[in-house]
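Scroll down for the structure; my scribbles are underneath it.
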Amino acid sequence: MGLISCYSELSLQLSQKSSCSNHKNVSNSVSLKKPNLNGSIQTATTNIYKTTLSTGSHHLITVTWCRNATTQGLQISSGDDPTTVFRLNTNSRLFRKKRGSKVFETVNNSKFEVFYDLSTAQYGAAGAEPVEKYYVLIMVDSELGLFLGDMSDDAVLKKVKMQKQNVKFCLVSRKEYIYGNTLYSTKAQFSDAGSLHDVVIRCTGEGDGVKNNPTLSVCIDKRVVIRVKRLQWNFRGNQTIFVDGLSVDLMWDVHDWFFGSGSGSGTRTGSGHAVFLFRTKTGVDSRLWLEDTVKTKDEMKEFSLLVYATKS
């Protein structure tokens with residue numbers, strides 16, 4: 001879905017308790033736990049991490065986990081070179097190497113070394129990402145640039161044990177692709193010093209159906225931050241909420257849930273996908289960010305969560 005140019009200013013009621021700042025802080029390292037989707041399936045996630053080396057140079061690393069009927073795999077690329085340079089399909093009959101390493105160079109001559117062990121990875125019933133018993137380690141120009149997972153006894157990890165304590169990376173952007181019903185749940189950490197929050201998006205109507213007087217609710221840590229009534233008329237909108245003392249833009253576009261894609265391709269009504277965007281912003285930046293990609297490193301100082309939800 002491209003840029004959204006239509007917004008409704010009168011389409012929601014913002015909860016008086018929209019601030020979710022009174023929660024215990026978690027570690028500065030990004031932690032993404034298994035989402036509880038209650039029937040919905042997470043088909044893919046794309047995470048963009050920003051790592052800072054000892055030289056002060058910054059690198060963007062894109063990590064994509066995907067899952068469908070035939071594929072469950074991993075893709076890694078450099079932010080400076082969007083071409084996929086590492087791909088692993090753990091379900092492929094032709095390639096089932098779930099543990100190993102690969103070395104490649106980016107267009108700016110940076111050397112990337114990827115070490116991984118997915119041989120015992122546990123994925124959960126409805127998630128594209130592993131939740132435990134795995135690791136993915138990326139060295140950038142001989143420095144530890146990114147570490148994901150929970151395994152610590154591997155020989156490769158022991159070699160970089162000291163570097164692991166000093167690694168500086170953060171999650172700056174996350175996309176989730178979800179298929180199923182109209183109840184979606186995930187977790188998000190909107191800043192390095194903030195808490196890990198439960199985010200629930202739900203569309204309901206009379207008799208718990210979407211077609212009868214549909215209402216959209218978004219909750220953070222069980223608190224309703226927006227409620228949009230008459231959703232078939234208020235299918236696009238945006239509002240500012242506050243999480244951990246941060247100003248967060250929240251945008252929704254559920255047009256295709258009710259009217260299809262409008263592309264003339266014969267897509268049936270309600271078979272398209274909806275888009276939900278959470279994006280932190282600074283006081284001087286009041287624009288709602290709707291780009292699917294980020295072109296410069298300076299644009300990635302904030303965190304964004306983008307959810308593509310396809311209704312079955």
Side-chain angles (χ1 to χ4, degrees), residues 1 4-23 35-40 42 174-190 194-260 269-270 272-281 286-290 302-312:
M1 182 174 294
I4 308 301
S5 58
C6 176
Y7 304 102
S8 171
E9 295 181 356
L10 301 176
S11 56
L12 59 89
Q13 299 174 358
L14 184 62
S15 170
Q16 295 296 323
K17 296 183 179 181
S18 61
S19 176
C20 301
S21 58
N22 297 323
H23 294 273
N36 180 17
L37 297 177
N38 294 327
S40 296
Q42 184 187 74
R174 175 174 171 84
K175 296 180 184 178
E176 296 192 18
Y177 299 84
I178 301 173
Y179 176 84
N181 55 35
T182 55
L183 175 62
Y184 311 102
S185 176
T186 187
K187 292 180 180 289
Q189 186 174 349
F190 293 93
S195 303
L196 189 65
H197 297 283
D198 292 307
V199 179
V200 176
I201 302 170
R202 184 172 187 176
C203 181
T204 59
E206 293 181 357
D208 204 29
V210 176
K211 294 184 179 180
N212 299 321
N213 297 323
T215 298
L216 174 68
S217 299
V218 178
C219 301
I220 296 181
D221 296 330
K222 299 182 179 180
R223 295 181 178 181
V224 177
V225 294
I226 67 166
R227 180 175 287 114
V228 186
K229 297 183 178 180
R230 297 184 295 276
L231 190 60
Q232 69 272 40
W233 304 114
N234 298 307
F235 49 79
R236 293 187 182 120
N238 69 277
Q239 180 64 35
T240 299
I241 62 175
F242 297 92
V243 183
D244 290 335
L246 298 173
S247 179
V248 179
D249 275 324
L250 169 55
M251 181 274 286
W252 68 93
D253 183 342
V254 298
H255 173 275
D256 290 358
W257 274 2
F258 299 100
F259 308 109
T269 300
H273 64 258
V275 178
F276 303 93
L277 172 66
F278 301 78
R279 184 230 181 187
T280 60
K281 62 179 183 178
S286 60
R287 298 173 300 158
L288 183 63
W289 180 59
L290 298 174
E302 299 90 8
F303 168 78
S304 65
L305 169 64
L306 188 62
V307 177
Y308 289 89
T310 302
K311 182 165 61 72
S312 58

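For clarity, every value in this text was computed on a predicted model and none was experimentally measured.
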Would a distance-only check, ignoring hydrogens and angles, find a side-chain to backbone donor-acceptor pair under 3.5 Å from [X] to [Y]?
{"X": "W257", "Y": "A309", "value": "yes"}
{"X": "D249", "Y": "T280", "value": "no"}
{"X": "D244", "Y": "L246", "value": "no"}

Side-chain heavy-atom pair [X], [Y] within 4.5 angstrom cut-off:
{"X": "N238", "Y": "L250", "value": "no"}
{"X": "Q189", "Y": "S195", "value": "no"}
{"X": "V248", "Y": "T240", "value": "no"}
{"X": "L231", "Y": "C203", "value": "yes"}
{"X": "N181", "Y": "K311", "value": "no"}
{"X": "L216", "Y": "I201", "value": "yes"}

Just checking, is any N or O donor in the side chain of T186 or E176 under 3.5 Å from an acceptor N or O on the other one?
yes

Ion pair present between K187 and D198, side-chain N to carboxylate O less than 4.0 angstrom?
yes

When you look at T310 and I178, which way does the side chain to side chain contact (heavy atoms under 4.5 Å, CB included) test go after all the steps?
CA-CA 6 Å; T310 302; I178 301 173; over 6 Å; no

Distance (rounded to the nearest 0.5 Å) between [X] [atom1] and [Y] [atom2]:
{"X": "S304", "Y": "K281", "atom1": "OG", "atom2": "NZ", "value": "14.5 Å"}
{"X": "N213", "Y": "R230", "atom1": "CG", "atom2": "CZ", "value": "9.5 Å"}
{"X": "S247", "Y": "R279", "atom1": "OG", "atom2": "CZ", "value": "10.0 Å"}

Carefully, step by step, assess V218 and F278 under the rule side chain to side chain contact (heavy atoms under 4.5 Å, CB included).
CA-CA 11 Å; V218 178; F278 301 78; 3.8 Å; yes

One pair to check against side chain to side chain contact (heavy atoms under 4.5 Å, CB included): W252 and F235. What are the steps and the verdict?
CA-CA 7 Å; W252 68 93; F235 49 79; 5.9 Å; no

Partners meeting ring-ring contact (aromatic ring centres under 6.0 Å, His included) with F190 (sequence neighbours left out)
F303

Begin from the C-alpha positions of L306 and Y308 and carry the test side chain to side chain contact (heavy atoms under 4.5 Å, CB included) through to its verdict.
CA-CA 7 Å; L306 188 62; Y308 289 89; 3.4 Å; yes

Aromatic rings Y184 and F276: how do their planes relate, parallel, tilted or perpendicular, breaks at 30° and 60°?
tilted

